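The structure under discussion appears below in the form of structure tokens.
Since the structure is predicted, the reported quantities are computational estimates derived from the model, not experimental observations. Letters go in sequence order (proteins before strands), and every chain restarts at 1.
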Amino acid sequence: MLDIKFIRNNIELVRQAIHNKNEKADLDALLEIDEQRRKLQFAFDNLKAYQNSVSALIAQKKKTGDNIENELKAMTNTAEAIKAISAHLSIVNEKLEKMLLTIPNIPQADVPVGRDESSNKIVKIWGEPKQFPFTPKDHLELASQNKLLDLPRGAKISGSGFPLYTGEGARIERSLINFMLEYHLQKHNYTELIAPVIVNRKTMTGTGQLPKLEEDMYRIEKDDLFLIPTAEVPVTNIFADEVLSYKDLPKQFVAYTPCFRREAGSYGKETKGLQRLHQFNKVELVHFTEPEKSAAALEQILSDAEDILQAFNLHYRVAALCTGDLSFASQKTYDLEVWAPGTGKYLEVSSVSNFGEFQARRANIRYKDKTGKVKHLHTLNGSGVATPRLLIAILETYQTEDGSINLPAVLEPFLHLIL
RNA sequence: GGAGAGUUGCCGGAGUGGUUGAACGGGACGGUCUCGAAAACCGUUGUAUCUUUUUACAGGUACCCAGGGUUCGAAUCCCUGACUCUCCGCCA
């Protein structure tokens with residue numbers, strides 16, 4: 001969330017950001033509540049100060065045995081007034097807190113302004129679409145011919161969008177996860193985490209999924225817990241309510257988790273095969289940095305994710321998202337889109353974002369800088385990368401005319417581990 | 001799931017109703033001393049928020065797991081919840 005003081009001092013900037021992000025948030029109502037809150041707080045503080053001073057007097061008089069009847073009488077009224085005002089204050093505080101959670105992060109100045117993805121800017125293209133001397137099949141045909149997937153049975157046991165990987169398909173999927181983890185560990189200096197995939201409401205609020213996206217998540221009602229849509233959620237929250245030292249920063253973690261998304265309302269939209277799933281696997285990169293270093297960290301995460309695609313020699317492009325396509329919590333985001341020759345489309349396999357102090361403020365993650373000042377740090381993350389679409393690109397790119405798959409050599413050691 | 005114990009500042013640990021933001025010890029930081037270091041001694045050691053013109057300084061308020069309650073007054077008493085630990089049961 002944004003600092004209420006910042007909002008107060010930059011009303012038009014915030015209003016603009018809400019508009020450019022296609023968000024709905026009642027800024028004026030928020031400012032009015034804030035005004036109310038400050039007035040009440042002031043009154044409350046003054047009453048308390050009075051109460052405290054008389055209390056001290058009572059204590060003193062009691063010691064010396066003086067009469068305290070007058071003081072006690074006055075205090076009864078004061079105590080009542082304090083009770084009334086503090087009840088009001090806590091209602092107002094709660095309201096303000098709730099409203100603050102609906103204000104989106106502000107896009108950085110270099111983010112292109114636009115309503116939707118048509119305004120995204122392609123900032124980089126790597127490699128070129130592979131040419132085939134035959135008509136390339138799409139991943140569904142290839143998967144079925146090679147018995148890599150059994151989607152009907154996945155649908156039977158869970159529902160559509162819950163893929164069942166079979167035999168070699170499962171093995172390839174597992175190898176991909178393992179390859180990416182080891183790559184980031186060994187070449188990019190990350191620390192690996194295995195995190196819970198079910199988290200509580202506070203955690204979901206910390207990274208900004210709640211309150212906005214409650215409908216998009218799987219929820220365990222009985223315990224009020226949620227299945228994570230991305231490892232970003234548990235990993236970013238590991239330092240919630242903590243104060244780190246600048247000496248600990250930057251911290252960079254890599255975590256593999258399954259991800260769960262209800263994808264409410266997206267049926268019929270790119271749902272074919274593995275393109276859009278309710279459960280999928282993803283290796284996620286998360287950074288915690290000092291504020292001055294987050295811009296560079298964003299470029300680094302992007303490059304770390306790109307390395308994976310390059311290792312597989314897959315053609316891809318990088319898009320800088322426009323304001324309207326930025327997520328609620330993001331200041332700036334790059335999408336990595338890999339070319340799937342059989343499907344004939346670029347598929348998003350990674351989203352790399354800088355959240356500034358937005359998430360840190362929500363989750364209350366702070367650090368002590370060199371001068372001893374306590375400040376909110378910056379959080380970033382990027383997929384490194386999501387497997388289903390990566391698998392699509394690999395199958396479709398490395399198919400042969402007879403429909404078999406000639407997997408890239410870098411995967412070999414992971415596919416056939418020696419026991 | 002049942003029974004019990006606990007949760008205080010960077011850490012350890014006092015504190016069971018009245019100037020306690022919190023004794024005492026340790027750590028860390030600064031200073032004196034020293035060629036330098038150790039030891040010793042002295043000092044400092046929180047976060048949030050409000051008031052004042054921004055800041056600085058100063059002052060007010062809140063915070064002793066969280067939320068309620070009792071009281072003129074709560075770290076201290078009562079209730080609820082979270083978490084940790086121990087024992088029993090169950091279990092991959």
Atom pair distance, as rounded to whole Å: CD in A/Q41 and C1' in B/C63: 12 Å
C1'-based separation of B/G17 from B/G13 [nearest Å]: 22 Å
Closest nucleotide among B/U61, B/U51, B/G73 to the A/F42 side chain: B/U51
N-O pairing of A/E23 and A/K212 below 4.0 Å: yes
Sugar-phosphate, base or nothing in reach of A/K62, heavy atoms under 4.0 Å: base
A/R366, nearest nucleotide to its side chain (from B/U47, B/C72, B/A62): B/U47
Distance, rounded to the nearest Å, where A/I4 contributes CD1 and B/A48 contributes P: 16 Å
Sugar-phosphate only, base, or nothing, as touched by A/A56 at under 4.0 Å among non-hydrogen atoms: nothing
A/K48 vs B/G60: side-chain N/O to OP1/OP2 distance below 4.0 Å: no
Rounded distance in Å between the P positions of B/G60 and B/C41: 33 Å
First of A/T76 and A/S90 reached from the 5' end of RNA chain B, by closest nucleotide: A/S90
A/D138-A/T343 side chain donor-acceptor pair, cut-off 3.5 Å: no
Sugar-phosphate, base or nothing in reach of A/N52, heavy atoms under 4.0 Å: sugar-phosphate
Donor-acceptor side-chain pairing of A/K48 and A/Q51 below 3.5 angstrom: yes
B/U70 phosphate, OP1 or OP2, under 4.0 Å from A/K83 side-chain N/O: yes
A/S55 side chain, from C-beta outward: closest of B/U61, B/G18, B/C50: B/G18
Nearest-Å distance for atom pair CZ/C1', residues A/F6 and B/U54: 16 Å
Closest listed nucleotide, where the reference is the side chain of A/K5 and the choices are B/G73, B/U19, B/C50: B/C50
Basic-acidic side-chain contact under 4.0 Å: A/E214, A/R219: yes
A/F328 vs A/S330 side-chain heavy atoms within contact, under 4.5 Å: no
Touch class at under 4.0 angstrom, heavy-atom based, for A/Q51 against every strand present: sugar-phosphate
Span that lies between the P atom of B/A28 and that of B/C11, in whole angstrom: 15 Å
Separation of the C1' atoms in B/A74 and B/C64, to the nearest angstrom: 11 Å
Along RNA chain B (nearest heavy atom to each residue), the more 5'-positioned of A/D45 and A/K373: A/K373
Distance-only donor-acceptor check, side chains A/D150 and A/T166, under 3.5 Å: no
Candidate nucleotides B/G60, B/A62, B/G18, ranked by approach to the side chain of A/A59 - the nearest: B/G18
Touch class at under 4.0 angstrom, heavy-atom based, for A/K368 against every strand present: nothing
Nearest-Å distance for atom pair CG/C1', residues A/L96 and B/A48: 14 Å
d(CZ, A/R38; P, B/U51) in whole Å: 6 Å
Parallel, tilted or perpendicular, as decided by the 30° and 60° cut-offs, for the rings of A/H184 and A/H188: tilted
d(CZ, A/R361; P, B/U47) in whole Å: 15 Å
Criterion ring-ring contact (aromatic ring centres under 6.0 Å, His included) against A/F312, the qualifying member of A/W339, A/Y183, A/F179: A/F179
Duplex segments of RNA chain B, taken as runs of at least three Watson-Crick or G-U pairs that stay under 3.5 Å: B:1-7 with B:82-88, B:10-12 with B:24-26, B:27-32 with B:40-45, B:46-51 with B:58-63, B:65-69 with B:77-81
Nucleotide B/G73, atom C1' - distance to CD of A/E80 in whole Å: 15 Å
Pairwise C1' distance for B/G27 and B/U70, with rounding to whole Å: 40 Å
Touch class at under 4.0 angstrom, heavy-atom based, for A/R8 against every strand present: sugar-phosphate
Span that lies between the P atom of B/U19 and that of B/G89, in whole angstrom: 49 Å
Lys/Arg N to Asp/Glu carboxylate O, A/K124 vs A/E306, below 4.0 Å: yes
Any donor-acceptor pair under 3.5 Å from A/R171 side chain to A/L415 backbone: yes
Separation of the P atoms in B/U34 and B/C50, to the nearest angstrom: 49 Å
d(CG, A/L72; P, B/G18) in whole Å: 15 Å
B/U45 and B/G21, which share atom name C1', separated by this distance in whole Å: 13 Å
Nearest-nucleotide pick for A/R37, side chain only, options being B/U49, B/C72, B/A62: B/U49
